[in-house]
Amino acid sequence: MPRSSRLSSAAAAAAALTAISLLATACTGATGDAAGDDPAKDVTINFWHGWSAPGEVKAIEENIERFEAAHPNIKVKVTGNMTDDKINQSLRAGGDKAPDVVSSFTTDSVGKFCNSGAFADLDPFLEKSEVDKAKVFPQSLLSYTSYQGNQCTLPLLHDAYGLVYNKDAFEAAGITAPPKTWSEFTEVAQKLTKSKGDSYERVGIMPTFHGYETTPMRLAAQWGATYFAADGTSNLARDPAFTKMLTAQKDLVEKLGGYEKLEKFRASFGDEWGAEHPFHKGQVAMQVDGEWRPNMAREAGVTFEIGTAPLPVPDDLVADYGKGYVSGTIMGIAAGSRKQNAAWELVKYMTTDTEAVVAFANGIHNVPSTIEALASPKLQVDENFKTFLDIARHPKSSTTPPQADGGTYQLTFTDLAYQHEKGAVADLPGALARTDAQIDTDIAKAK
Amino acid sequence: MITDTLRAKRRRSALVAKRRRTALRTLAFMAPWLIGFAVFFAYPLLSTVYFSFTKYDGFRPPVFNGLDNWTYVFTQYPQFWPAMRNTLWLVVVMVACRVVFGLGVGLLITKVKTGTGIFRTLFYLPYLAPPVAATLSFVFLLNPGTGPVNTLLDGAGLPQPGWFTDADWSKPALTMLAVWGVGDLMVIFMAALLDVPKEQYEAAELDGAGAWQRFRHITLPNISPIILFAVVTGVIQAMQYYTQPLVAGKVAAGVIGGSGQQFEPGYPDKSTLTLPQIVYNTGFQRFDYGTACVLALVLFTLCMAFTALLMRRRGGLIGGGHR
C-alpha cells in the first residue's frame, strides 16, 4: 500500500474512532438538573416495582390508590414484576417510557446505583421536606440504602432473617426450645435428621450454601463479621469471624452426612417461592428464612405447627442472641427523570408516611421500615412475626455494606464458601487472602 | 489541432461523467447493503473496540483507561478462564456430537423403508421445544435424587451421576440436551443424503464395495460441503450458547425467582459458565461495559478464527468426489 494511502486510512480510522467516541459520549450520562418540575401541577409518573404475587400486587395497588387520593394532581402508572436487569436498562436508556420511581429487592445494587449516579441523591429532597432521616429510619436501614454519604435510595419495608422450624418435628424429637448457640443448633439438626436408604427422609436443616437463604452472608451476620477494614480494603482474612463461620458450617455439613449426599438430596427440592418448598413438604425441619415464610407455609397448606426464632449465635457470643441479618426493598428516583419533585412525593409517601408503611407491611407481611411504623399499634403482629420484628429492632442486627461493585464482593466470597463446604479448600487463610485481593481489585475497578 | 484538442477534452469529460454516473448507480444499488453493514456491523464493532479501552458503566461518560480492561480480563477476572474453557469444550465436543448424531439419524431414516414420516417427526419434534422448556425437562429427567434417568440406572445396577449438580457431568448433560434437539441437522443431512447420485452407489456395488466403503468414498465426499456447513454453524451456535446452561445452572442451584439475592451463573463450580453469559453479566449486571466489550471482542475473534480455520481446511473436507 502506498504511504499516502496508508496515512489516509489511518486518518480515516482515527476520524471514525473520534466520531464514535463523541457519539458515545453524547449518548450517555445525560442526568443534568432534572428537579425543576412543579409537583403541584398535573403530572403522570412511572413507577416500576418487582412484586408479582397477586396478594403483593393488590397491596401495592391499594397503596398507590391511597397516594393518588391524597395527591389528586399526580397520577401513577405502575409496572410490576420488574427485574433489576430491566430496570438498569431503562434507567440507562431514559425517555418518556422510563421509570421515574423505582423499587428493587436487591439492596446489593445500592452501591452501584449511587456510585454511577443512576439514582438521584435524596438528601436535598429530605431537607426540602424537612424530614429528619435519622429520626424516621433505623440506622441499619440507612446504611444499606446509601453509599459514601450519597443517600440515593430509601428503605421501603424491611426483611429480617431468622429460623423457621417445624414445631411438631421438634416435639417428636423431644426438643423443647429452639437452639440458641451453634453447638446446640448442630446437635438439634442431627437429632431432627432421619435417614432413608443412602439419602434422607428429612434433614434437620439443609446447611449447604445453595440451601436458599442459607447464604454465607446470613450466617456471617451471626458471627458479627466485618467485611471491610477502616481503610476500605476487604477484611475476610483479617477478621477471624469468617474463618470461624466457614469452619462451623463445614462441620455441620459433615455431621449431617457430607456435601455430596446433602447436595443430591437438595437437588430434589422444589422452588423456594412455591408450595413445593422442602420446609412445606417436611423435607427439612428448620429453615434459615425471612419473615414471609410462616405465612407462605400456611398458604401452602402445611399441617404442622410453625415456630420461629432468631438464628443461633456462636457459643462465645451467646449474649448477642436475638440478632440477625437484615435487608429489604429499596426505593429511589431515576436521575434522568424530569419529574423528580412529583416522584419525590410518591417516594416520601411510600417510605415515610406511617399509615402507608404500616398498611403496606400488613398487606405483604414484611417488616416495616420506619421507627414509628415498627411501633404502630395498627401493625398486625402474631407471635411468629414478632420474632422477626425483634430481630429487625435488635441493636446488633447487621447487613452487608454497600459497595461500588454492588454485591460482586459477596458473590466472590460466596464462591470461596462453595469451594470450602465441599472440601476443595486446603489452605483457608490463603484462600481468604486471595479472595480479599480479588475483592479489592474488583472494587477499585468499579469505582 | 484546436478542434482535435477540444474534441479530446469533450470526450474525456463525457467519459468522466459516464464513470461518475456508473459509480453513483453502483453505490445506489449497493446502498441498502452498505447502510446495513455500517449500522449493524461496522458501527457496533468499532464502538465495541472503542469502549474496550474505556471505563464505562452506561451512566457516566466513558473515560479512556488504556489496556486496563484487557489486562483485567486475562489476568484478574476469575470468571474468564473457566468460561473460556467451557465454551471451547462445548465447541469441540458438543458440535462433534451433534454432527455425528445428526448425520447418523439422517442416514438411518433415509434407509428406513416404512414409517419414515413417523421417524422424521419423532426426531424433529424436540428441535421445536423452546430452549427454556427443553432445559427444564432435562433438569427434571436428570435430577440425581428423583429423576427417572437415575432411577433406571439404579435399577440396572449402574452408577448414577449427579448430572447438573456435578461439575464433571454438567457439560455432558448439556451435550445430551443439544443432541436431543438435533432435528434441524437431521433434516439438512437427509436432504443432502437423498441428493447423492444413485448411479455412483450402483457402480460401486458392481465393483464390490461394501457398506463402509460406499459411505467413505461416495456418501462422505458428496455431502462434505453440508458437513462443513453444519460444523461452521454449529461452532457459531456453541460460541453463543447462553440460555440452556444458564437455565440448567439456575434450576439445579435452586435459584428460580429471588428475594433480591444476586445469582452468578455457572453452577456447579462455574462448570456451566460460558463466554456469552459473562459478556451479559459483566455489562448489564456489573455495569462494566468496558470489560464486557473486551469479552465480546474475544468471542468475536474466536468465532472468526474458528470459521477461518475451518474454511481453510475445507479443501480436505470438501475435496474428494468433487475434484
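Small disclaimer: the values here were computed from a predicted structure and weren't measured. Residue numbers start from 1 in every chain, and the chains themselves are labelled A, B, ... in the order their sequence lines are given, proteins ahead of strands.
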*B:F64 versus chain A, heavy atoms under 4.5 Å apart: side chain, backbone, both or neither?*
neither
_Between A:Q419 and B:D269, a side-chain donor and acceptor under 3.5 Å_ = yes
*Contacts of type side-chain contact (heavy atoms from CB on, under 4.5 Å), residue A:E56, not counting sequence neighbours*: A:W51, A:A53, A:I364
*Could you check if a side-chain atom of A:F269 sits within less than 4.5 angstrom of a side-chain atom of B:N143, using non-hydrogen atoms only?*
no
*asked:* Below 4.5 Å, heavy-atom pairs only: which of A:M217, A:E260, A:K422 has the largest tally toward chain B?
replied: A:K422
*Is it the backbone or the side chain of A:A437 that comes under 4.5 Å from a heavy atom of chain B, or both, or neither?*
neither
*Which bit of A:K447 comes within less than 4.5 Å of chain B, counting heavy atoms only: side chain, backbone, both or neither?*
backbone
*Under a 4.5 Å cut-off applied to non-hydrogen side-chain atoms, are B:F59 and A:F119 in contact?*
no
*Under 4.5 Å heavy-atom distance to chain B, tell me which part of A:S116 shows up: side chain, backbone, both or neither.*
both
*For B:A252, is it the side chain, the backbone, both, or neither that has a heavy atom closer than 4.5 Å to a heavy atom of chain A?*
backbone
*Can you say whether B:F164 sits under 4.5 Å from chain A via the side chain, the backbone, both, or neither, judging by heavy atoms?*
neither
*Give, for atom CZ of A:F265 and atom OG1 of B:T165, the distance between the pair rounded to the nearest 0.5 Å.*
14.0 Å
*Answer yes or no: is there a donor N or O on one side and an acceptor on the other, between the side chain of A:Q438 and the main chain of B:Q76, under 3.5 Å?*
yes
*Quick one: list whatever passes side-chain contact (heavy atoms from CB on, under 4.5 Å) with B:F74, sequence neighbours left out.*
B:W70, B:F80, B:W81, B:V298
_Top contributor to chain B interface from A:T329, A:L91, A:D442 [non-hydrogen pairs under 4.5 Å]_ = A:D442
_Shortest non-hydrogen contact between B:K55 and A:A446, atoms and distance_ = NZ-C, 3.6 Å
_Partners passing side-chain contact (heavy atoms from CB on, under 4.5 Å) against A:D440 (at least two apart in sequence or in another chain)_ = A:T233, A:S234
*Given side-chain contact (heavy atoms from CB on, under 4.5 Å), test A:N115 with B:F287 step by step and report yes or no.*
CA-CA 11 Å; A:N115 185 53; B:F287 291 10; over 6 Å; no
*By number, which residues in residues 80-90 of chain A have some heavy atom less than 4.5 Å away from chain B?*
A:D85, A:N88, A:Q89
*Would you give the length of the straight line joining atom CG of A:L411 to atom CD of B:Q79, rounded to the nearest 0.5 angstrom?*
8.5 Å
*Which residue, B:N65, B:D68, B:D288, forms the side chain to side chain donor-acceptor pair (under 3.5 Å) with A:K445?*
B:D288
*Is it true that the NZ or CZ of A:R92 lies under 6.0 Å from the centre of B:F284's six-membered ring and within 45 degrees of the ring axis?*
no
